[in-house]
Amino acid sequence: QVQLVESGGGLVQAGGSLRLSCAASGWAFSRLSMGWFRQAPGKEREFVAAISWFGGSTRYADSVKGRFTISRDNAKNTVYLQMNSLKPEDTAVYYCAADRSTGPPMGRAEYDYWGQGTQVTVSS
């Protein structure tokens, strides 16, 4: 079983930055693809970014390309999401997810493990 704990959310003004972290335990972290998803009120949970086992492959949603960067530190069992140039439409609960495939997958259904989420609010 994989446990995931997100941190780093908060309130930021438009144009600002935040860095989310997700600490994993319970499985060999370097054998997990990691993803970030988000869910705004009244909307479906959507893919944001994903990274493969050793970070050699990354994928991003079109809406965040050039603004968000996903990275991982396998020595710390942690994945990060650096979010720059934040917009009010980025406001959502952000979830970390893990999958044992090499991927990294982009589909919500492909991820087996989920964190509890961290709130990100971007004010205009």
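The basis for the numbers below is simple: all heavy atoms, side chains too, and nothing from hydrogens, waters or symmetry mates.
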Seminar exercise, completed: Output for pair (Lys65 NZ, Thr58 OG1), nearest 0.5 Å, gives 9.5 Å
Exercise. Do the ring planes of Tyr94 and Phe68 sit parallel (below 30°), tilted (30 to 60°) or perpendicular (above 60°)?
Worked result: tilted
Problem set entry | Under 3.5 Å side-chain donor-acceptor pair for Tyr80 and Arg19 | no
Exercise. Do the side chains of Ser71 and Gln82 get nearer than 4.5 Å, heavy atoms only?
Worked result: no
Exercise. Going hydrophobic residue to hydrophobic residue with side-chain gaps under 4.5 angstrom, can you get from Phe37 over to Val120?
Worked result: no
Seminar exercise, completed: Taking every heavy atom of Asn84 against every heavy atom of Ser17, the minimum-distance pair comes out as OD1-OG, 2.9 Å
Exercise. Under 3.5 Å, is there a donor-acceptor pair between the side chain of Thr118 and the main chain of Gly9?
Worked result: yes
For this session: State, yes or no, whether a side-chain contact exists between Phe29 and Arg72 at a heavy-atom distance under 4.5 Å.
Result: yes
For this session: For Ala98 and Leu32, work out which heavy atoms get closest and say how close.
Result: CB-CD1, 4.2 Å
For this session: Using atom types as modelled and distance alone, determine if a side-chain donor or acceptor of Asn74 lies under 3.5 Å from a backbone N or O of Trp53.
Result: yes
Exercise. Other than Leu11, what residues sit in its cluster of Ile, Leu, Val, Met, Phe, Trp and Tyr side chains whose heavy atoms are under 4.5 Å apart, directly or through others?
Worked result: none
Exercise. CZ of Arg38 to CD of Glu44: how many Å apart, nearest 0.5 Å?
Worked result: 14.0 Å
Exercise. Is Ile51 reachable from Met106 through a run of hydrophobic residues whose side-chain heavy atoms are each under 4.5 Å from the next?
Worked result: no
For this session: Quick one: closest heavy-atom pair of Ala49 and Tyr60, and the distance?
Result: CB-CD2, 3.7 Å
Exercise. Just wondering, do Arg67 and Lys87 contact through their side chains at under 4.5 Å, heavy atoms?
Worked result: yes
Problem set entry | Exercise: do Asp99 and Ser33 side chains pair donor with acceptor under 3.5 Å | no
Exercise. Counting only heavy atoms not in Trp27, do more than 12 sit closer than 6.0 Å to its CH2 atom?
Worked result: no
Exercise. Does any N or O in the side chain of Glu6 come within less than 3.5 Å of the main-chain N or O of Cys96, such that one atom is a donor and the other an acceptor?
Worked result: yes
For this session: Determine, using ring centers only, whether Phe47 and Trp36 are less than 6.0 Å apart.
Result: no
Exercise. Can the positive tip of Arg45 be found less than 6.0 Å from the middle of the six-membered ring of Tyr95, inside 45° of the ring normal?
Worked result: yes
Problem set entry | Exercise: identify the closest heavy-atom pair between Met34 and Cys22 | CE-SG, 4.3 Å
Seminar exercise, completed: Residue set satisfying side-chain contact (heavy atoms from CB on, under 4.5 Å) with Glu110, at least two apart, ordered chain then number -> Pro105
Problem set entry | Student check: side-chain heavy atoms of Val79 and Ile70 closer than 4.5 Å | yes
For this session: Compare all side-chain heavy atoms of Val48 with those of Leu81 and state whether any distance is below 4.5 angstrom.
Result: yes
Exercise. Would you call Leu18 and Leu86 a side-chain contact if the rule is heavy atoms closer than 4.5 Å?
Worked result: yes
Exercise. Are any of the side-chain heavy atoms of Gln3 and Tyr113 separated by less than 4.5 Å?
Worked result: no
Exercise. Once you round to the nearest 0.5 Å, how far does OG1 of Thr121 lie from CG of Asp90?
Worked result: 11.0 Å
For this session: Nearest 0.5 Å please: distance from the CG atom of Asp73 over to the OG atom of Ser30.
Result: 11.5 Å
